[in-house]
Amino acid sequence: MADPAPFINWSLLALSPPGWGGVLLSGLFNSIQIAVGGYSLGLLLGVGGAFGKLYGGPILKDLLECYTTIVRAVPELVLILLLYYAGTDLINQALGLVGLPSVDISGLAAGIFVIGVVQGAYSTEVLRGAIKAVPAGQIEAARAFGMSPVKVMGRITLPAMLPYAIPGLSNLWLIATKDTALLAVVGFSELTLVTRQAAGSTKAYLLFFLAAGALYLALTLVSNVFIGIIERRARRGLVKAA
Amino acid sequence: MTIPPPDETTHAMAFTPEDLPTAASFFQPHRILLMIIFAGIVLSAAWFMRWDWLPQYLPKLGWGIVVTLAMLFSTAFLGFLFAVPLGLVQVTGPWPLKLLASGFCTVIRGTPLLLQLWLLYYGLGSLFPQFPEIRNSFLWPYLRESWPYGVAALTISFAAYEGEVMRGAFAGVPAGELEAGRAFGMSRWTVFRHIWLPRAIHRALPTLNGETVLQLKSTPLVATITVIDVYAVISKVRQDTYLTYEPLLLLALIYMCLTGILVILFRKLENRIPTRGA
């Protein structure tokens with residue numbers, strides 16, 4: 001019969017160095033940092049992309065279409081590898097051209113960049129759908145009052161599309177938190193990779209992977225509480241969908 | 001608190017038949033210009049980059065694509081078989097089963113697939129050899145391989161996402177249709193087989209197809225547990241030749257072609273099923 005000791009050796013999860021709890025928590029902190037950074041960058045790209053796709057010229061529209069198509073058709077893992085190597089390489093080549101020494105791009109910045117580019121394509125699609133759901137009359141009314149396009153965007157389009165965009169955007173946030181796990185493949189020490197290192201050096205695989213799973217799940221559940229609050233706030237005053 | 005329904009994002013994220021270009025859309029002046037520029041980029045990539053490794057690895061690449069597709073279709077099929085009871089139980093089951101099914105979906109959808117995969121492969125994989133009963137069973141030769149863990153993880157993940165979709169689809173079938181079936185004297189099983197399930201699948205079909213495209217994008221993860229799919233073959237090329245971009249660009253191209261073919265097949269499938277009205 002198997003020895004059950006490895007299952008219940010809770011001291012491995014202790015926060016101080018003989019235990020690996022502190023390492024796991026710092027990994028979780030890294031994951032959250034990347035998720036927040038990547039999601040914010042993705043939102044910026046998404047707002048730009050959505051407006052470009054709806055109101056841009058034909059060439060801009062086609063280029064954005066290529067961007068979203070490629071991101072939606074190629075696995076995140078492949079994109080992360082490509083962007084990770086290409087991104088750091090391009091920056092160093094650009095620095096070389098102007099005669100500066102090459103720099104070591106921090107894993108954090110590279111991670112935020114790759115997650116942001118991937119998220120940008122998804123949020124472009126989500127926001128485009130939401131903007132199209134805003135009644136055209138409201139935008140026309142704002143134009144008729146003489147508002148500039150930027151003002152129309154800030155005062156009418158963005159606030160009015162929010163209730164339509166929030167379910168999609170909240171799902172994107174949950175996807176961002178889970179996509180950070182893929183950075184383990186390029187060696188960034190976020191939660192999944194440090195879990196594997198901890199498990200590998202203590203041989204308590206189940207314990208550590210289950211603990212990391214609990215951390216990810218807690219992150220998702222806490223996010224869901226906040227998403228619920230935001231959603232209720234954004235939908236106040238709207239008729240409930242049948 | 002439940003995770004919001006996945007439909008909106010699935011449609012935003014997955015490449016769907018509506019995204020396919022039509023033949024006429026290629027013949028606009030600015031598109032022809034863009035395509036010429038793009039063709040120039042492709043040609044210069046073919047000319048200036050190193051592709052001499054390609055013929056040598058071609059058979060392995062073909063085999064890798066076969067493994068990727070086998071992973072995709074087997075896990076999508078198995079996952080769907082699990083998803084139907086998962087969805088059904090959440091709509092009509094007794095509360096303990098309902099709780100269990102929705103808990104399963106929440107846990108699987110709340111954790112990254114890579115972590116689940118490693119939990120199964122390293123966790124269970126390190127656990128099994130400790131039990132002589134398992135070591136002596138007929139399953140052992142398979143459990144020593146890595147692909148069963150990959151299939152298991154991808155199937156579980158697909159089942160959880162699909163279970164959520166099927167729950168919505170089962171709940172969305174109008175009650176009148178089921179009552180009409182009952183009024184004609186059909187048994188509950190006949191109603192399920194002839195009315196409820198086909199109608200639910202019909203309603204969920206676009207979402208199911210979108211999820212299958214997303215599943216294709218999840219398959220390269222199995223390369224991290226030493227399954228030799230097309231992604232693993234490309235990783236091998238990168239190790240052997242020290243090339244960074246060429247193999248990865250080819251890999252991206254392969255996945256784009258696979259996605260395109262999959263989406264075209266799904267459009268054919270969706271067009272074959274008659275839909276009355278909107």
Side-chain angles (χ1 to χ4, degrees), chain A residues 1-3 57-59 62-63 65-66 68-70 72-79 81-82 85-86 89 122-123 125-126 128-129 167-168 170-172 174-175 177-182 184-185 191-192 195-196 199-200 203 205-206 209-210 212-213 216-217 219-221 224-225 227-228 231, chain B residues 1-15 19 21 28 30-31 33-34 38 106-107 109-116 118-120 122-127 130-132 213 216-221 223-224 231 234 244-245 248-249 251-253 255-260 263:
Chain A
M1 205 47 214
D3 179 20
I59 292 180
D62 281 3
L63 290 180
E65 192 66 42
C66 287
T68 56
T69 302
I70 289 172
R72 291 192 300 167
V74 177
E76 279 83 355
L77 194 57
V78 180
L79 285 175
L81 281 182
L82 260 177
Y85 293 120
D89 222 34
Y122 297 151
S123 21
E125 293 296 310
V126 169
R128 188 178 64 122
S170 48
N171 248 4
L172 280 188
L174 297 177
I175 290 165
T177 60
K178 287 180 284 174
D179 270 357
T180 56
L182 297 176
V185 175
L191 182 52
T192 304
T195 304
R196 191 175 150 182
K203 302 292 173 213
Y205 290 100
L206 271 181
F209 282 122
L210 288 177
Y216 276 116
L217 193 61
L219 180 59
T220 301
L221 294 179
N224 276 338
V225 172
I227 288 166
E231 199 159 336
Chain B
M1 197 80 244
T2 51
I3 296 168
D7 301 37
E8 307 92 355
T9 11
T10 308
H11 279 283
M13 286 179 55
F15 196 75
D19 296 319
Q28 295 172 14
H30 73 278
R31 288 222 170 121
L33 185 71
L34 279 178
F38 184 69
T106 307
V107 168
R109 296 175 61 202
T111 50
L113 177 56
L114 188 64
L115 190 81
Q116 296 161 16
W118 287 357
L119 171 70
L120 287 182
Y122 295 108
L124 287 186
S126 70
L127 197 63
Q130 298 175 15
F131 295 96
V213 173
L216 171 68
K217 292 169 57 179
S218 305
T219 54
L221 289 180
T224 60
Y231 176 87
I234 291 291
T244 309
Y245 296 115
L248 281 177
L249 287 175
L251 185 62
L253 185 69
Y255 276 113
M256 284 182 74
C257 292
L258 290 181
T259 306
V263 171

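Order of the sequence lines sets the chain letters (A, B, ...), proteins ahead of strands, with each chain counted from 1. FYI, side chains are in, hydrogens and waters are out, and symmetry mates aren't considered; it's all heavy atoms of this structure.
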Closest approach of Val78(A) to Leu251(B) (non-hydrogen atoms, all atoms of both residues): CG2-CD2, 3.6 Å
Residue pair Val74(A) / Tyr255(B): nearest heavy atoms and the distance that separates them: CA-CB, 4.5 Å
Structural part of Leu210(A) lying under 4.5 Å from a heavy atom of chain B: both
Residue among Asp89(A), Thr180(A), Leu182(A) with most heavy-atom pairs under 4.5 Å to chain B: Asp89(A)
Shortest non-hydrogen contact from Leu82(A) toward Ala252(B): CD1-CB, 4.3 Å
Point-to-point distance, once rounded to the nearest 0.5 Å, from OG1 of Thr224(B) to CZ of Arg196(A): 7.0 Å
Nearest-0.5 Å distance, CG of residue Leu119(B) to OG1 of residue Thr192(A): 11.5 Å
Chain B contact via Thr69(A) - which portion, at a heavy-atom distance below 4.5 Å: both
Considering all heavy atoms, the nearest Tyr122(B)-Tyr205(A) contact: CB-CD2, 3.5 Å
Nearest heavy-atom neighbours spanning Leu114(B) and Ala184(A): CD2-CB, 4.2 Å
Over all atoms of both residues, closest heavy-atom pair of Lys178(A) and Pro112(B): O-CB, 3.8 Å
Inter-residue atom distance Tyr216(A).OH - Thr111(B).OG1, 0.5 Å rounding: 9.5 Å
Options Leu33(B), Val107(B), Leu113(B), ranked by heavy-atom pairs under 4.5 Å with chain A, top entry: Val107(B)
Option that, when pairs with chain A are counted at under 4.5 Å, heavy atom only, ranks first among Val213(B), Leu221(B), Ile234(B): Leu221(B)
Minimum side-chain heavy-atom gap Leu221(A)-Thr106(B) below 4.5 Å: yes
Atom pair CZ/NZ of Arg72(A) and Lys217(B) - distance to nearest 0.5 Å: 8.5 Å
